[in-house]
There are 2 protein chains.
Amino acid sequence: MAATIRDIAKEAGVSVATVSRLINKSGYVGARTAARVQDAIERLGFRSNAIGRSLSTAKTRTFGVIVPALSNPVFAEAVSGVTACARKAGYHVMITATNYDSAEELATVGTFMEQRVDAMILTVANAGKSPALDLLDTAALPYVLIYNEPPCTGRPAVTIDNAAAGAKVAEVLQDLGHRRMAMISGRFAESDRASARRDGFLAGAHSAGLAMPSVREVDFIALNVDAVLKDLFDDPPTAPTALFCSNDLLAISVIGALDRMGLPVPQNVSVIGFDGIAIGTHLHPTLATVIQPSREMGEVAAQHLLHRLAGEKATPPCRLPFTLRLGESAGPAGNARPADLQDPANPREGDSHYDR
Amino acid sequence: MAATIRDIAKEAGVSVATVSRLINKSGYVGARTAARVQDAIERLGFRSNAIGRSLSTAKTRTFGVIVPALSNPVFAEAVSGVTACARKAGYHVMITATNYDSAEELATVGTFMEQRVDAMILTVANAGKSPALDLLDTAALPYVLIYNEPPCTGRPAVTIDNAAAGAKVAEVLQDLGHRRMAMISGRFAESDRASARRDGFLAGAHSAGLAMPSVREVDFIALNVDAVLKDLFDDPPTAPTALFCSNDLLAISVIGALDRMGLPVPQNVSVIGFDGIAIGTHLHPTLATVIQPSREMGEVAAQHLLHRLAGEKATPPCRLPFTLRLGESAGPAGNARPADLQDPANPREGDSHYDR
DNA sequence: GCGCCGTATGTAACCGGTTACATGCCGTGC
DNA sequence: GCACGGCATGTAACCGGTTACATACGGCGC
C-alpha cells in the first residue's frame, strides 16, 4: 500500500541506495538527483518505514519506560521528562504501568526486549531483589532506574536520598515542636523507597531523642485511610501531632480525612507528604512535602542512556538533591499560631534547601 | 548477538519454518520436534524479534496514543485504560504528549506513521480543524478520538456530550439557588471540549432565565487564577456565587485560591469542576464535578480499534454517559447550610445520574 | 598521458522473521 | 493396490530498509 524506497527509486529513475542516502543525508547525492528524488517522495507521500530501518540497523531508537502507575502524577511527571528528552534526540518511548506488580515488571521487560527497545528506564518495587532487573543484567541491556533506592548491587539509578529525606522530615517536625509523630505509608513490599523513607524517618526521630513513631501501612490503591486514622487518634492525649505520609496522594487523602474527623490541618495535626506533585501547591492548606525533581530525574535518566548508546561510558548521577517545602499543612505543635515558631522570612536551612 | 530463529533451527536440527510454526502455534509440529525446539529456545535464551515479525507481517501490534499532557490525571487515566486493554490483546502502546500544541500533534502523527503503529488513539486541540487528523484520514489509518467533541465530519470518537454536561451544571447550580455564575476555563483554542462545555453552560443558564455568566480564560499551564478571581470578586454585590471550572485541576486551584482570599468554598462560593479525577473525592471539601468515564473511554477506544483491526466494521460508540457528582464544593447559594436545599438521601435525578 | 582522489550512483547481500508451496509419510477406505 | 487426506517438515522468496563494494566520471598534479 504505502510507497517504499523502491517505489521512489523507480519514480525518480535512481537506485534505492541513492534514495536511502538522501533520506539519511549519508553519502553523496547530486543536487539535480536530490531534487528529483525529493519530488518523488512528496508526490507519492513516502514515509520511510522505521521497521525496515530497525531491522537492518538493529536499532529502534526507542526507549521502554516501566512505572508502577501513570495515575500517580509523580510518575507521569518523570515520564514527561523522559519523553521530552528522548523526542529531542529523535527517540521514541514505549510506556507500560505495572500496577506495583513484580510479575508484571518481569513480563514487561520481556516484551520490551522482544520489541528490541534500545534501553529501558524503570521503577520497580524492589531494586535489590528483582527478577526483571536480573533479566536486564543478563541480557546486558542498558537501563536506568528512577525513584528506586539504588541497591548495593550497583545498579544504575537516578534518584534521591530517601533515607536522608525521611530523616530531614523528622528533624523539621521536631523543630516545629512535635514530640509524637507517626508515619502512614503504602505497602513497603511494593516500594523500596517508602522503606528507605521510613528508615530515615525513624532514625531521625530516634537521634532527636523522640519516642519511636508509629508506622502504619495502608492499601495505596484503595486509599482507605479512615480506619488507620481512627485508630491513631483514638486516644487524644497520646495521639500524634504530626504525620509523615510516604507520598503526596496519600497525604492529600489524609488531610481530607482528618478535616472530616474534626482534626483540621495544621491546627490540630501537621501533615508532611513526599513527592512534590504540582497540585500540592494549589491546595489550601498548601501541602508540606519533600520535593523530588521528578521531571529532571526522567530527563537525566534519558540523557544518560543517550550518552551510553552513543558509546560513551558515563556513569549515571546517582543522587539528585531533594527539596523540603514547608507548606501550610505543617505547623507548630500545640495549636500555636504558625507565626509563633516559624518565621517565613527565614526558613531553616539544612543540607537541602527549603522552598516556600 | 541475540539468538535468531535460524540459530534455533540449527541447534534443534530443524528448519526455520518449523521453529516459526512452533512459536506462533500455526501449522503442525510433531511433539518430539516441539520438545527439541523448545529446549533449544530455552538453552539459547531466544526471544523472537518483533521487528522481523513486523516487517514481514506488516503489523506491529502497537497503538500510538497522543494526549495533550500526561500530567493531567484525566489523560493518565484514559491512557491506563488503553494500555490495560491493549496489553490483554497482546498489543503495545506508544505514548506522546503534545503539550496542547497542534504542530506537535501533526509531528507526532507523522512519527507514529513511520513507526507503522497499527492504529492511533488521540485527543487533539480541535477535532474539527486538525492537520493531524487530515493526515490520518488521507492515510486511511484507523484511529479514534477520545475526549474531543466529535466534529460534523463524522470522525470516530469516544467521548461524552460536553454541551449537555455544561447545561446540566448550569441547571444544578440554578437548583441550588445560584443566580450569578461565572465560568473559568483553559484556552478555548486549545480545547474544543472546553468550548462545548461553555456553550452548554451558557445555554443552560439562558434557558433557566439567568443573567449571562461571565466567562474567563486562564493559562492552564501556569494556573495563575488569582488575577482572574480578584477581578471577578472585586464587587461583592455583583460577584458570582458559583463558579464552573472547565476541568478539575483548575477547580482545585480555584478553591485553594478562594480560600486564601477569605471566600471559603462552599460557604461563600460554590465550585464545580469537570473530569472526575480521583483525587477530587479525597479533598475537603470533596470536589463537585462532572465525571467522565476516563478509564472506560480508553478501554472502549482500544476495544473498538481491536475490532476494526480484526476486520469487523463496527462503528465506534460515540457518546458515553457522564455523571454529575454533587460534592461538597457545591452548596446552596446565600450562605445557607447545605442541608437546607440539598437532601443527600435523595439526590436529584436527571438524564444522567448523580453520584455521591 | 597517467595515476589518483573526490564525487555520484548502482548492485546485491543482509537484517529476522513469515508463509506459500513442495515434499514425503502414514493410515484409511474401496 | 491405489487414491486421498491429514500430519510433519523443508526450501526459498519476501517484507523495506542499510550499506559494503563496485563502477564511472571529471579534475588535478606531475
Side-chain angles (χ1 to χ4, degrees), chain A residues 1-38 40-41 44-62 90 92 111-118 139, chain B residues 1-38 40-41 44-62 90 92 111-118 139:
Chain A
M1 187 63 233
T4 75
I5 202 176
R6 277 165 243 261
D7 298 330
I8 302 301
K10 189 172 297 180
E11 178 83 6
V14 299
S15 75
V16 293
T18 301
V19 179
S20 177
R21 276 187 288 256
L22 179 71
I23 300 175
N24 303 304
K25 302 188 201 316
S26 63
Y28 298 107
V29 179
R32 301 179 56 84
T33 313
R36 269 211 325 284
V37 173
Q38 195 61 51
I41 287 177
L44 301 192
F46 168 77
R47 280 172 186 278
S48 80
N49 185 325
I51 304 297
R53 170 172 304 126
S54 292
L55 185 57
S56 77
T57 59
K59 283 168 177 20
T60 53
R61 298 187 76 80
T62 299
H92 313 109
T111 308
F112 279 169
M113 284 176 63
E114 293 189 355
Q115 298 290 318
R116 297 298 192 268
V117 299
D118 292 343
Chain B
M1 188 60 236
T4 75
I5 202 175
R6 279 164 241 264
D7 297 331
I8 302 301
K10 189 172 296 177
E11 178 82 6
V14 299
S15 74
V16 292
T18 300
V19 178
S20 177
R21 276 188 287 257
L22 179 72
I23 300 175
N24 303 304
K25 302 190 202 313
S26 63
Y28 299 106
V29 179
R32 301 180 56 84
T33 314
R36 269 212 325 283
V37 173
Q38 195 60 52
I41 287 177
L44 301 192
F46 168 77
R47 280 172 186 278
S48 80
N49 184 324
I51 304 297
R53 170 172 304 129
S54 292
L55 185 57
S56 77
T57 60
K59 282 166 179 17
T60 52
R61 297 188 76 81
T62 299
H92 314 108
T111 309
F112 279 170
M113 284 176 63
E114 292 188 357
Q115 298 291 317
R116 296 300 193 267
V117 299
D118 291 342

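These numbers were taken from a predicted model, which means no experiment stands behind them. In what follows, chains carry the letters A, B, and so on, assigned in the order in which the sequence lines appear, proteins first and then strands, with residues in each chain numbered from 1. All values below were derived from every heavy atom in this structure, side-chain atoms included, with hydrogens, water molecules and symmetry-related copies excluded.
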Calculate the interatomic distance between A/Ile8 atom CD1 and C/dT9 atom P; express it in whole Å. 16 Å
Please evaluate the base of D/dG16 for a donor-acceptor partner in the side chain of A/Arg6 within a cut-off of under 3.5 Å? yes
Between A/Thr60 and A/Arg116 the two heavy atoms that sit nearest each other are OG1-O, 2.8 Å
Is any side-chain heavy atom of B/Arg53 closer than 4.5 Å to a side-chain heavy atom of B/Ile23? yes
Work out which heavy atom in A/Thr18 is nearest to a heavy atom in A/Thr33; give both atom names and the distance. CG2-CG2, 3.9 Å
May I have the distance from B/Ile51 (atom CD1) to C/dC15 (atom P), rounded to whole angstrom? 16 Å
Starting at CG of A/Leu22 and ending at P of C/dT9, how long is that distance when rounded to a whole Å? 10 Å
When rounded to whole Å, the CG to C1' distance for the pair A/Leu55 and D/dT19 reads 14 Å
Using only side-chain N and O atoms of B/Ser56, determine if any of them is under 4.0 Å from OP1 or OP2 of D/dC14. no
Within this structure, what is the NZ-to-P distance between B/Lys59 and C/dT19, rounded to whole angstrom? 10 Å
Nearest-nucleotide pick for B/Ser48, side chain only, options being C/dT9, D/dG17, C/dG17: C/dG17
Determine whether A/Val14 and A/Arg36 satisfy the following criterion, side-chain contact (heavy atoms from CB on, under 4.5 Å), listing intermediate values before the conclusion. CA-CA 9 Å; A/Val14 299; A/Arg36 269 211 325 284; 3.5 Å; yes
Keeping A/Arg47 on the side-chain end and B/Glu114 on the backbone end, is there a donor-acceptor pair under 3.5 Å? no
Quick check: on DNA chain C, is the nucleotide nearest A/Val16 upstream (toward 5') of the one nearest A/Ala31, or the reverse? Name the residue that is more 5'. A/Ala31
Are the side chain of A/Ser54 and the backbone of A/Ala50 linked by a donor-acceptor contact shorter than 3.5 Å? yes
Nearest heavy-atom approach of B/Gly27 to B/Arg21 is CA-CD, 3.9 Å
Short heteroatom pairs, N/O only, protein and nucleotides 4-7 of chain C, under 3.5 Å:
{"unit_1": "C/dT7", "atom_1": "OP2", "unit_2": "A/Tyr28", "atom_2": "OH", "d": "2.3"}

Rounded to whole Å, CD of B/Glu114 lies from P of D/dG17 at a distance of 10 Å
Choosing from D/dG16, C/dG17, D/dT18, which nucleotide comes nearest the side chain of A/Thr4? D/dG16
Using only heavy-atom distances, decide whether a donor-acceptor pair under 3.5 angstrom links the side-chain of A/Arg116 to the base of C/dG16. no
Measure from NZ on B/Lys25 to P on D/dA8 and round the result to the nearest Å. 15 Å
The residue, A/Ala50 or B/Gly13, whose nearest nucleotide of DNA chain D is more 5′ is B/Gly13
Evaluate side-chain contact (heavy atoms from CB on, under 4.5 Å) for A/Leu44 paired with A/Asp7, printing each intermediate quantity in order. CA-CA 9 Å; A/Leu44 301 192; A/Asp7 298 330; 4.2 Å; yes
Degree of bending in the helix from C/dG1-D/dC30 to C/dC30-D/dG1 once both end axes are built from five pairs, to 10°: 50°
Can you tell me which nucleotide in C/dT11, D/dG10, D/dT18 comes closest to the side chain of A/Ser15? C/dT11
Would you say that A/Thr4 contacts A/Asn49 through its side chain, given a criterion of any heavy-atom pair below 4.5 Å between the two side chains? no
Taking for each residue the nucleotide of DNA chain D with the nearest heavy atom, is it B/Ala17 or A/Thr18 whose nucleotide lies nearer the 5' end? B/Ala17
Give a yes or no on whether a donor-acceptor pair under 3.5 Å exists between the nucleobase atoms of C/dG10, that is its base, and the side chain of A/Arg21. yes
Output the rounded distance in Å from CD1 (B/Ile5) to P (C/dG17). 5 Å
Which pair of non-hydrogen atoms, one from B/His92 and one from A/Thr111, has the smallest distance, and what is that distance? NE2-CG2, 3.0 Å
Presence of A/Asn24 side-chain N/O under 4.0 Å of D/dT18 phosphate oxygens OP1/OP2: yes
Of all the nucleotides listed (C/dT18, D/dA8, D/dT18), which has the minimum atom distance to the side chain of B/Ser20? C/dT18
